[in-house]
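Take a look at the structure set out below.
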Amino acid sequence: MENRILAPSLLSADFGNLNAALEKINGSAAGAVHFDVMDGSFVPEISFGQVVLRSIRPLSALPFDVHLMIENPERQIESFAKSGADWITFHYENSESRAADLLSEIRRLGKKAGVSIKPGTPVFALQNLLKYADIILIMTVEPGYGGQTLVPECLEKVAELSKLRRENGFGYKISVDGGVNAETLPSVIESGADIIVSGSAFFKGDLNWRY
């Protein structure tokens, strides 16, 4: 994972025509496909899971960036790995006591391992995990819905993570998810993000990617 990566989120695609959505992503400057898994428990709504992932996996050669917004992610990690995920990220908020083990398990399966935090969770909570993670995903909206407005204060976490990485020689990439559009993209880039997740703006054609 080198340079900045655009990862369009399928959560904002037309679920009735995912083939066209993948064609649009494949024909763009995207470097990954973001796959939001929602269970109706950790977040209010339900999106899609392993069956859909397996079905669309042949439609793109890009890495599939699977974001698990679910309870008990340890029960699902291996099956998502087998279904075609390349990067797997879970949430710290419901995995605090076993987060290091989950990162190790994802890596054992040969995948990039990520941990995510919601807007209300400080970077400090991840201090003992940073050396084990391949990806730190900063949610700049509350998880669960597409099309929300980016919370600017969350970008301070990105800058903090960038500073910690530089000072400690950590190897993680910083991902930003939520409210990224043409207006907010420059500040997201300036904060130090490496992976940019965009759903609504990407599929509406409102994101001009030049990075």
Side-chain angles (χ1 to χ4, degrees), residues 1-12 28-36 38 42-43 65-69 87 89-96 99 103 112-211:
M1 295 188 294
E2 297 179 354
N3 302 318
R4 294 189 179 96
I5 295 172
L6 171 63
S9 172
L10 285 178
L11 188 62
S12 296
S28 73
V33 180
H34 193 77
F35 194 87
D36 287 300
M38 308 192 306
F42 182 68
V43 293
D65 175 21
V66 173
H67 178 193
L68 300 178
M69 292 180 277
W87 312 341
T89 297
F90 60 90
H91 267 267
Y92 171 82
E93 289 84 6
N94 62 359
S95 307
E96 179 178 356
L103 289 170
K112 296 291 185 182
V115 59
S116 179
I117 53 175
K118 299 194 288 186
T121 303
V123 168
F124 176 79
L126 302 177
Q127 62 176 334
N128 295 324
L129 300 175
L130 297 179
K131 62 183 177 181
Y132 302 115
D134 297 305
I135 300 168
I136 304 295
L137 172 56
I138 298 299
M139 292 298 301
T140 45
V141 299
E142 286 296 330
Y145 301 97
Q148 298 185 64
T149 300
L150 182 145
V151 179
E153 291 78 11
C154 292
L155 295 182
E156 296 174 8
K157 299 180 188 179
V158 179
E160 183 179 353
L161 282 166
S162 183
K163 181 174 182 287
L164 287 169
R165 177 174 59 188
R166 185 172 59 253
E167 291 176 347
N168 295 279
F170 293 137
Y172 55 76
K173 299 295 183 182
I174 306 168
S175 181
V176 169
D177 183 0
V180 179
N181 52 38
E183 181 180 350
T184 59
L185 179 59
S187 59
V188 170
I189 294 294
E190 184 178 358
S191 70
D194 305 297
I195 303 167
I196 316 297
V197 179
S198 178
S200 299
F202 175 83
F203 284 106
K204 290 178 181 177
D206 296 336
L207 189 73
N208 296 317
W209 183 260
R210 303 182 304 277
Y211 299 89

* Are side-chain heavy atoms of D36 and L10 found at a separation under 4.5 Å? -> no
* Compare all side-chain heavy atoms of L155 with those of L150 and state whether any distance is below 4.5 angstrom. => yes
* Are any side-chain N or O atoms of S116 and backbone N or O atoms of L137, one a donor and one an acceptor, separated by less than 3.5 Å? -> yes
* Spell out, as yes or no, whether a donor-acceptor pair under 3.5 Å connects the side chain of N168 to the backbone of F170. => no
* Contact check, side chains of K173 and K112, non-hydrogen atoms, under 4.5 Å -> no
* Asked: So, E93 side chain and K118 main chain: donor-acceptor pair closer than 3.5 Å or not?
  -> yes
* Flag side-chain contact, heavy atom, 4.5 Å: E156 against V158 -> no
* **Validation row: L161, R165 side chains within 4.5 angstrom (heavy atoms)** => no
* **Residues forming a side-chain hydrogen bond (donor to acceptor under 3.5 Å, both in side chains) with S95, sequence neighbours excluded** => none
* Over all atoms of both residues, closest heavy-atom pair of S191 and S162 -> O-CB, 4.3 Å
* To do: Supply the atom-to-atom distance I196 CD1 to I189 CD1, rounded to the nearest 0.5 angstrom.
  => 4.0 Å
* Structure fact -> The reported gap from CD1 in I174 to CG in D194 (rounded to nearest 0.5 angstrom) is 5.5 Å
* If you draw a 6.0 Å radius around CZ in F42, do more than 12 non-hydrogen atoms from other residues or ligands fall strictly inside? -> yes
* Asked: Backbone N or O of S12 within a donor-acceptor pair of the S200 side chain at under 3.5 Å?
  -> no
* Without swapping roles, check the side chain of Q148 against the backbone of E142 for a donor-acceptor pair under 3.5 Å. => yes
* Spacing of CH2 belonging to W87 relative to CD1 belonging to I5, to within rounding of 0.5 Å -> 4.0 Å
* **Closest non-hydrogen atom pair between M69 and P143, with its separation** => SD-CB, 3.4 Å
* Partners of H34 by ring-ring contact (aromatic ring centres under 6.0 Å, His included), sequence neighbours excluded? -> H67
* Shortest non-hydrogen contact from R4 to A193? -> NE-O, 3.5 Å
* To do: Please examine the side chains of W209 and L185, heavy atoms only from C-beta on, and report whether any two atoms are closer than 4.5 Å.
  => yes
* When rounded to the nearest 0.5 angstrom, what is the spacing between OG1 in T149 and CG in N181? -> 8.5 Å
* To do: With rounding to the nearest 0.5 Å, note down the distance linking CD1 in I117 to SG in C154.
  => 8.5 Å
* Counting only N and O atoms by type, is there a donor-acceptor contact under 3.5 Å from the side chain of T140 to the main-chain atoms of D177? -> yes
* Structure fact -> Value for CD (E160) from CD1 (I136), rounded to nearest 0.5 Å, stands at 11.5 Å
* **Nearest heavy-atom neighbours spanning L6 and S198** => CD1-CB, 4.4 Å
* Do D65 and V33 have side chains that get closer than 4.5 Å, going by heavy atoms? -> no
* Nearest non-hydrogen partners of I135 and S175, listed with the distance -> CG2-CB, 4.0 Å
* Asked: With side chains defined as the heavy atoms from C-beta onward, is the minimum distance between Y172 and L129 less than 4.5 Å?
  -> no
* Looking only at non-hydrogen atoms, find the nearest pair between F203 and S9 and report the distance. => CE1-O, 3.1 Å
